[in-house]
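Down below is the structure, laid out as structure tokens.
Remember, it's a predicted structure, so these values are computed and weren't measured experimentally.
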Amino acid sequence: MIPVLRPAILLGLAAFLALPSQPARGDGRQGNPEGPTHCVVLLHGIGGFALLLKSMELSLAEQGYFVANVTYPSLADPIESLAVEAVEEGLERCAAQGLSRIHFVTHSMGGILVRQYLSQESIEGLERVVMLAPPNQGSRFADYVGDSPLGKVYEPDALAQLGTGEESVPRRLDAPDFELGIIAGTRNLRKFIPGAPSETSDGVVTVEETKASGMKDFLLAPATHTTIVWNDEVQRQTAYFLRNGRFDHSREGS
């Protein structure tokens, strides 16, 4: 979905560009002191760009993973084309480092790109995927935006495909057959905005809309749709799933 960002947030994010993103330690090295042996591909959502995931990139790099943080033209093409472009760019960056153990961490539509790609192609060496706030059941908020006056004038192909109607890509995809962990946000700051979800949601995607049949684990986070990628606990849980194939539920209820 299209994030709405304040100038102060953008300035803060820009500071990340000056920070190094080389891995320093952690399980991504898998005991190899010479460098990482695992590659994580980061995919942003519609209207986003790699800078939005810079904090997640740095967090995973600290764990020792090589991170391919991909920007793709999310407003220009349909999901089918974006999936090939974005996923294959990430895989190419992994291959350029000689890395064949692959993970994905995605935000919003980025998760649908992975599912779309895997419906047509296989990824050798694919291990685990963490999706943050994915519209796996389609999004009624996307329906609302598409039906709004602005949406009728200009609606990106991909946004139309994220709804719940006949064009919905996530609703026609088969259940994931890979190790998948999903984190859904529960902080809705748009309760009084027309079209905003009335159920528990992150302000854009409801908790139920994030779920997918066959997911290996599921977690809730007190975050909005945009800020979920910057949440410290979400970043910790993401790395935990990549290492263990499950989330750390020991802190729930504490």
Discussion item. Side chains of Gln161 and Pro78, heavy atoms from C-beta outward: is any pair under 4.5 Å?
Written reply: yes
Worksheet item: Roughly how far, to the nearest 0.5 Å, is CG of Leu180 from OG of Ser213?
Response: 10.5 Å
Worksheet item: Is a side-chain N or O of His107 found less than 3.5 angstrom from the main chain of His225, in a donor-acceptor match?
Response: yes
Item to complete: For Tyr72, check side-chain hydrogen bond (donor to acceptor under 3.5 Å, both in side chains) against everything at least two apart and list the hits.
Response: none
Worksheet item: Does some side-chain heavy atom of Leu162 sit less than 4.5 Å from a side-chain heavy atom of Val169?
Response: no
Practice prompt. Report the C-alpha separation of Thr164 and Asp143 in whole Å, then their side-chain angles, then the decisive distance to 0.1 Å, and conclude whether the side-chain hydrogen bond (donor to acceptor under 3.5 Å, both in side chains) test is met.
Written response: CA-CA 7 Å; Thr164 62; Asp143 292 335; 2.4 Å; yes
Worksheet item: Taking only residues two or more places apart in sequence or in another chain, which ones pass side-chain hydrogen bond (donor to acceptor under 3.5 Å, both in side chains) with Gln235?
Response: Ser55
Worksheet item: Which distance, rounded to the nearest 0.5 Å, do you find between the CD of Glu57 and the OH of Tyr65?
Response: 15.0 Å
Discussion item. Please check this pair: side chain of Arg187 against backbone of Ala221, looking for a donor-acceptor N/O pair closer than 3.5 Å.
Written reply: no
Discussion item. side-chain hydrogen bond (donor to acceptor under 3.5 Å, both in side chains) for Asn136 and Arg115? Distances and angles first, verdict last.
Written reply: CA-CA 9 Å; Asn136 277 316; Arg115 290 184 60 195; 2.9 Å; yes
Worksheet item: Hey, what do you get for CD1 (Ile182) to CE (Met215), rounding to the nearest 0.5 Å?
Response: 5.5 Å
Worksheet item: Is there a side-chain contact between Asp174 and Ser119 (heavy atoms, below 4.5 Å)?
Response: no
Worksheet item: Backbone N or O of Met56 within a donor-acceptor pair of the Ser59 side chain at under 3.5 Å?
Response: no
Discussion item. Leu42 and side-chain contact (heavy atoms from CB on, under 4.5 Å): which single residue from Leu52, Val229, Thr106, Leu60 fits?
Written reply: Leu60
Fill in: Steps toward side-chain contact (heavy atoms from CB on, under 4.5 Å) verdict (Thr238, Ile183)
CA-CA 9 Å; Thr238 296; Ile183 303 180; 4.1 Å; yes
Worksheet entry | Euclidean distance, His249 NE2 relative to Tyr240 OH, rounded to 0.5 Å | 9.0 Å
Worksheet item: Just how far is it from atom CG of Asn69 to atom CG of Leu51, taken to the nearest 0.5 Å?
Response: 8.5 Å
Worksheet item: Who are the ring pair (Phe, Tyr, Trp, His ring centres under 6.0 Å) partners of Phe247, not counting sequence neighbours?
Response: Phe241
Worksheet item: Side-chain contact, heavy-atom cut-off 4.5 Å: Val87 with Ile123?
Response: yes
Item to complete: Indicate the atoms forming the closest heavy-atom contact of Asn231 with Ala223, along with that distance.
Response: ND2-CB, 4.3 Å
Practice prompt. With sequence neighbours excluded, give me every salt bridge (Lys or Arg N to Asp or Glu O under 4.0 Å) pair touching residues 39-53.
Written response: none
Item to complete: Determine, step by step, whether Val40 and Phe104 satisfy the side-chain contact (heavy atoms from CB on, under 4.5 Å) criterion, reporting the C-alpha distance in whole Å, the side-chain angles of both residues, the deciding distance to 0.1 Å, and the verdict.
Response: CA-CA 5 Å; Val40 181; Phe104 284 84; over 6 Å; no
Item to complete: Could you tell me whether a side-chain N or O of Thr227 sits under 3.5 Å from a main-chain N or O of Trp230, the two making a donor and an acceptor?
Response: no
Worksheet item: What residue pairs, at least two apart or across chains, pass salt bridge (Lys or Arg N to Asp or Glu O under 4.0 Å) with a residue in residues 156-173?
Response: Glu80-Arg172
Worksheet, complete the sentence: Note: Leu220 and Val207 closest approach over all heavy atoms is CD2-CG1, 3.8 Å
Worksheet item: What residue pairs, at least two apart or across chains, pass salt bridge (Lys or Arg N to Asp or Glu O under 4.0 Å) with a residue in residues 223-236?
Response: Glu233-Arg236, Glu233-Arg251, Arg236-Asp248
Worksheet item: Which residues satisfy the side-chain hydrogen bond (donor to acceptor under 3.5 Å, both in side chains) test with Ser168, sequence neighbours excluded?
Response: none
Worksheet entry | Working for side-chain contact (heavy atoms from CB on, under 4.5 Å), residues Ile102 and Glu127 | CA-CA 6 Å; Ile102 310 298; Glu127 298 198 2; over 6 Å; no
Worksheet item: Residues two or more places apart in sequence or in another chain: which of them pass side-chain contact (heavy atoms from CB on, under 4.5 Å) with Ser201?
Response: Asn188, Pro197, Thr206
Worksheet entry | For Thr210 against Phe218, the heavy-atom pair lying closest together | OG1-CE1, 3.4 Å
Fill in: His44: partners by side-chain hydrogen bond (donor to acceptor under 3.5 Å, both in side chains), with sequence neighbours left out
none
Worksheet item: Between Leu82 and Ser74, which heavy-atom pair has the shortest distance, and what is it?
Response: CD1-O, 3.7 Å
Fill in: Criterion side-chain contact (heavy atoms from CB on, under 4.5 Å) on Leu75 and Ile46, from CA distance to verdict
CA-CA 7 Å; Leu75 299 176; Ile46 189 167; 3.6 Å; yes
Item to complete: With sequence neighbours left out, write down each residue that passes side-chain contact (heavy atoms from CB on, under 4.5 Å) with Ser100, or none if nothing qualifies.
Response: none
Worksheet, complete the sentence: CG of Leu126 to OH of Tyr117, rounded to nearest 0.5 Å, is 11.0 Å
Worksheet entry | Under 3.5 Å: donor-acceptor pair, side chain of Thr71, backbone of Ala50 | yes
Item to complete: Hey, could you give me each pair passing salt bridge (Lys or Arg N to Asp or Glu O under 4.0 Å) that has a residue in residues 199-210? Not counting sequence neighbours.
Response: Arg140-Glu199, Arg140-Glu209, Glu208-Lys211
Show me the donor-acceptor pairs, under 3.5 Å and distance only, between side chains in residues 128-135 and residues at least two apart or in other chains.
from   : atom 1 : to     : atom 2 : distance (Å)
Arg128 : NE     : Glu179 : OE1    : 3.2
Arg128 : NH1    : Leu242 : O      : 2.9
Arg128 : NH1    : Arg243 : O      : 3.0

